[in-house]
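All heavy atoms count here, side chains included; hydrogens, waters and symmetry mates do not. In what follows, chains carry the letters A, B, and so on, assigned in the order in which the sequence lines appear, proteins first and then strands, with residues in each chain numbered from 1. This one's a predicted model, so the numbers in the text were calculated from it and none came from an experiment.
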Amino acid sequence: MSTKYLYIDDEIEEVVNGITKNLTSDELSTVVQRAMSWDTEITNLIEKRELDKYDGLLIDLQLKFSTSASEQVKYFGPDLVQAIRTKVKSGQINDLPILLCSSENKLLDLFDKTSLDLFDKKYDKVKDLSNDSAKTELISFSTAYKKLNAQESLQKILETDEDLFEFELEFNKLKTPHEKINFIYNQLILKPGLVIDESLLAIRLGIDKDTSKDWEEFKNKFLIAFKYEGILSEFNERWWQSKVLRWWKGNFNTSLQVVAASQRVKLLKEKFSLDGLNPLPLPNHHRYETFWYKCQLSNTPLESADGFKTIEMPKYFWQEYSYISLSHIWSEERSVAKIKELLGNYESERLDEIIKQQK
Amino acid sequence: MENVSFTVDAGIINRLGLELVAKSETALAELIKNSYDADANCVRLFFENARTEGGNLTIDDDGVGMNRTNLINGFMRLATSDKIHNSISDIYKRPKAGRKGIGRFSTQRLGHKLVIETQTEDEDDAFSLTINWDDYQTDKEVSSIKNILEVTDKNPEKKKGTILKITNLREKWSDADIKRVYRYVAGLIQPNLLKIATQGNVIEEDKKEGFEVEFFARNNHSEEWKKIADPQVMLLNRALVVFSGYIDENGIGKCSIETKDFHQDGKKYKFSDNIIVTKENQPYELLKGTELAYKIYYFIGGDRNLYYGITRSELKIIIDYLDRNGGVKLYRNGFRVAKYGEVENDWLNINKNSRIAQGIPFDKNRLLGFVQLIDPKGRVFEESAGREGLIEKEAFNDMQNFASNALISSFKNFASWFRTTDEFKSANPDKKVASSSSSILKIADDLKVATKTLSNPDSSDEEKVQATITIEQVAKKIVSETKAAINELEMMRVLAGVGLTIAEFIHEIKQFIPSLHGYINNLLSKNLESEVIHDLNKMQNVLKSFISYTSYFDETISKNIIRDLKPVDIRGVSKEFMEVVQLDLTRRNIELKTEFTGYDLISTPMHPSEWNTILQNLYSNSKKAILGSGNRNGKMLLKVYKNSDDAKLILDFYDNGTGIPVKYQNRIFDAFFTNPEYNQNNSYESQSGSGLGLYILSQMIKNRNGSISIGNPLPDYKTCIHIELPLATIN
């Protein structure tokens, strides 16, 4: 069954139709609705339950032009969405993905951050909506809402048999599908910990994926089983960290974390007969090859001892700390201002000592 | 029948004096003209205690003087005048300048009492005549009033001449009043002819022929006489430059150039030079054996009084005089040859060459002087019977050629030096730079000092004149600086308007991009012919360039909203910039390399958008230069580093385009300048410069205490724009 989005914008039809061409495929259709007055919108969308006919809503940030003089349009997308989310919570209508789009990113600054939390994702009309991935994302969100609306179990939502005890505890505190999806997206998928992205996966395996011609093969052949297949995985490639670690230990009978990158790759190459895997080199100013993290500012692989811990503390205990690598700190490209934004007082003092040496 | 005669009441003398000579200055001028008419070479006027009424005036000339007959039948006889009978002077054949019969009334107009002391060369006695004008009262018969005529010994110090002693002056004479008299008599002033020393290659003035007027004043008996208005000082000494020269015994022209005091880099400097003038590298054969010399004074016109160090009104007197009497006259055997150098006559081709020193006017009305020829054998001119009886012979052409060439070469020589003076530079500023706060402070300061001098009772006349000149100059400066500032402001306003329009345009256009993208993508998914797909893909690429441009401008504009200045990391802004131009570079096959060296390449606090402007401008200039050069392998290099003592941030932008010819190098940062070399290529793109890019860039950079200049390009590159800016301080 094809996914159907409602798109509310105040632009002229000709222009909006072009945008929706990009959001149309066999699996996705987008119905454009020229913005109407606040009252008309509330009546139609909520009271007449028109929204229930759609699998998702895409709405422009600023609505100020209307089709006719009688329809006074002058409000912001988030205002309307606030009303919708409230009615969802009181059970009047079904929950659905609501995505914000705008051509003026700076307008976003006008809003309270929490009011933007009402949206599942924000898109830049120019940069994001022209991409093919937008289509995938719209469908993915609507699939996720369908699962949540159907009150599937967490294991089913995340498509895993892993024990997610702590995560589940937090998850169960949340009520609406929107809250839950928001939690999964922002606290699980986007934060390394339970799942990791491809770059961290390679780092932890000690592989320099950019120079390794066999990386793709290795990943798709031997690591595919650990891939995250839950909601929103259509546009977020992730691997279950615990599964990878267990797999390593099962194969090499040692903890992945304590093995140096060159050794990790050597073991992998031997075991899986793949020549085209190269170990990550030791970055300048680093001492340890037991890479685990990537530098927040330069993506350099590092072991925590070769980095400065940032103030982006984990909010939940399955999430990881983040670091800035020494190699970045010693590179001429580093910006002291940017580094300091991420450092607490003690680390900042430590940094000052290094900067002194650089003069 | 009875015969009756008119009788004349003595009161008529006073009435005639007042009616015929209305102003005291014209009265005095008349007396000077009388000396001129009497073939005097020199007249000296002495004002004693004349700042208030009742002072004394002595007019002393070396004219022919008067004998008893002249005095009684001439001076003492009303309403007749010798001038009707003899309209040209005896010795120098001067056309007489004084009005008939006015002289005596002029003395009456000036003072209550007159003593005339006069002597001629031929007679053994001198005469002294005393007239007390107050005796001429109404109700008396004019002939009944007696004046004393005494015979005295001749003054041994002078051969001839007349001294008029006017006492108990009717009016006060300030220095300014005296200077005004000069204006009436300036026309009489004759150059002193020249004597050429046959050996020492020098030209000297010969007082014989000239006519000089000198004014002196003192305010009590014990003081020295002070020169007030010396025509030499008021006119000839004011000349910016004096050209003189002669033909030596070998027929070679020897010319000298001597300027008045000017300044160079604040230091007083007088320029002098000698040049040789020949006839196409040959001596002037026909002029050999003649005595030919010239002396010519040059004055610049307009209201450029700053060149002279005099007030504008003083300059006006000079210029008025030159307008009537300017030009280079010709004297032959001590006598003026009419026609040559008169208003309509340009015998030295001066006005034909008026543009020889672009910007420094060369005009016969700004030249005063003469060419003098002693040619008793008539080799150059042949005397003929006619009144203007001179026939130009071949040698005349040589003389004309010599004088004209000498003057023109000398003038060019002078002009090239003159351009280097502080005076010229301040009157002809290279670039109109809008006022900065420091130049305003300087102006305020100058004004303060000048007003102080003017209001200070102890200031000398000299100081006051200087202060007045300062005020005039400062006023001029204010006007020119304000004009420049207004012009710049107007330009900025226009550009700001353009900026707003662009912002609006970018905002509007952004709405269309995703839409266009959607339409193209939709078509691409339709399994169309490969040719269509090909074109659609091209469209897609063009659109991508378009997006990267608009997003960059969008960034620039949205950053403009930020008013705060903050230190800017050049690596960051350059990286953003590189992303934007990448597509453009690929499309044009231009390579842009970057080289950053050193930690913390962070500029002094600036508007983030200023950096966008700097990079965008450097890039588009280089791009135009590359496209204009037709170079198919365009190369650019952006190098950013710190100078050796880590105090400055340096940015060098290189390209291998047309290069900037040396002649334009000091102009490329001027407003509205575009490199004409670009225009050799006819593409629109290479001509589209507004001529404002580098100007605005340089203003922007100067405003941040930086500098922009043309640097030395590395090998393989043609141009380097070198920018220095202060580095951000640690805090």
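- Once rounded to the nearest 0.5 Å, the distance linking CG of B/Asn522 with OG of A/Ser25 reads 11.0 Å.
- Only the side chain of B/Asp569 comes within contact range of chain A, with at least one heavy atom under 4.5 Å from a heavy atom of that chain.
- The environment of A/Lys74 atom NZ is sparse: at most 12 non-hydrogen atoms of other residues, nucleotides or ligands sit within 6.0 angstrom.
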Q | Criterion side chain to side chain contact (heavy atoms under 4.5 Å, CB included) on A/Lys125 and B/Lys510, from CA distance to verdict | A | CA-CA 9 Å; A/Lys125 274 190 197 173; B/Lys510 263 166 54 184; over 6 Å; no
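- In this structure, CD in B/Gln511 is found 7.5 Å from CG in A/Asp60, a value given to the nearest 0.5 Å.
- Sparse packing is recorded around NZ of B/Lys648, with 12 or fewer heavy atoms of other residues, nucleotides or ligands lying under 6.0 Å away.
- For the atom pair A/Lys127 NZ and B/Ile513 CD1, the distance stands at 11.0 Å (nearest 0.5 Å).
- More than 12 heavy atoms of other residues, nucleotides or ligands lie within 6.0 Å of NZ in A/Lys209, so this atom counts as buried by the packing criterion.
- Using a 4.5 Å heavy-atom threshold, the side chains of A/Asn17 and B/Tyr519 count as touching.
- A/Ser331 touches chain B through its backbone: at least one of N, CA, C or O sits under 4.5 Å from a heavy atom, while the side chain does not.
- Heavy atoms closer than 4.5 Å to chain B are found in the side chain of A/Glu11, but not in its backbone.
- The structure places CD1 of A/Ile12 at 8.5 Å from OG of B/Ser515, a figure rounded to the nearest 0.5 Å.
- Interface remark: A/Asp128 contributes no atoms to any contact with chain B (heavy atom separation under 4.5 Å).
- Here the side chain of A/Glu332 pairs no donor or acceptor atom with the backbone of B/Thr597 at under 3.5 angstrom.
- Atoms CG and OG1, on B/Asn521 and A/Thr24 in that order, are 11.0 Å from each other to the nearest 0.5 Å.
- At most 12 non-hydrogen atoms from other residues, nucleotides or ligands lie less than 6.0 angstrom from CD of A/Glu13.
- Other residues, nucleotides and ligands place no more than 12 heavy atoms under 6.0 Å from the NZ atom of B/Lys593.
- Two residues are said to be in side-chain contact when any heavy atoms from C-beta on lie closer than 4.5 Å; B/Asp600 and A/Arg334 meet this criterion.
- Of the atoms belonging to B/Tyr599, heavy atoms from both backbone and side chain fall under 4.5 Å from chain A.
- Within the 4.5 angstrom heavy-atom criterion, only side-chain atoms of B/Ile547, from C-beta onward, approach chain A.
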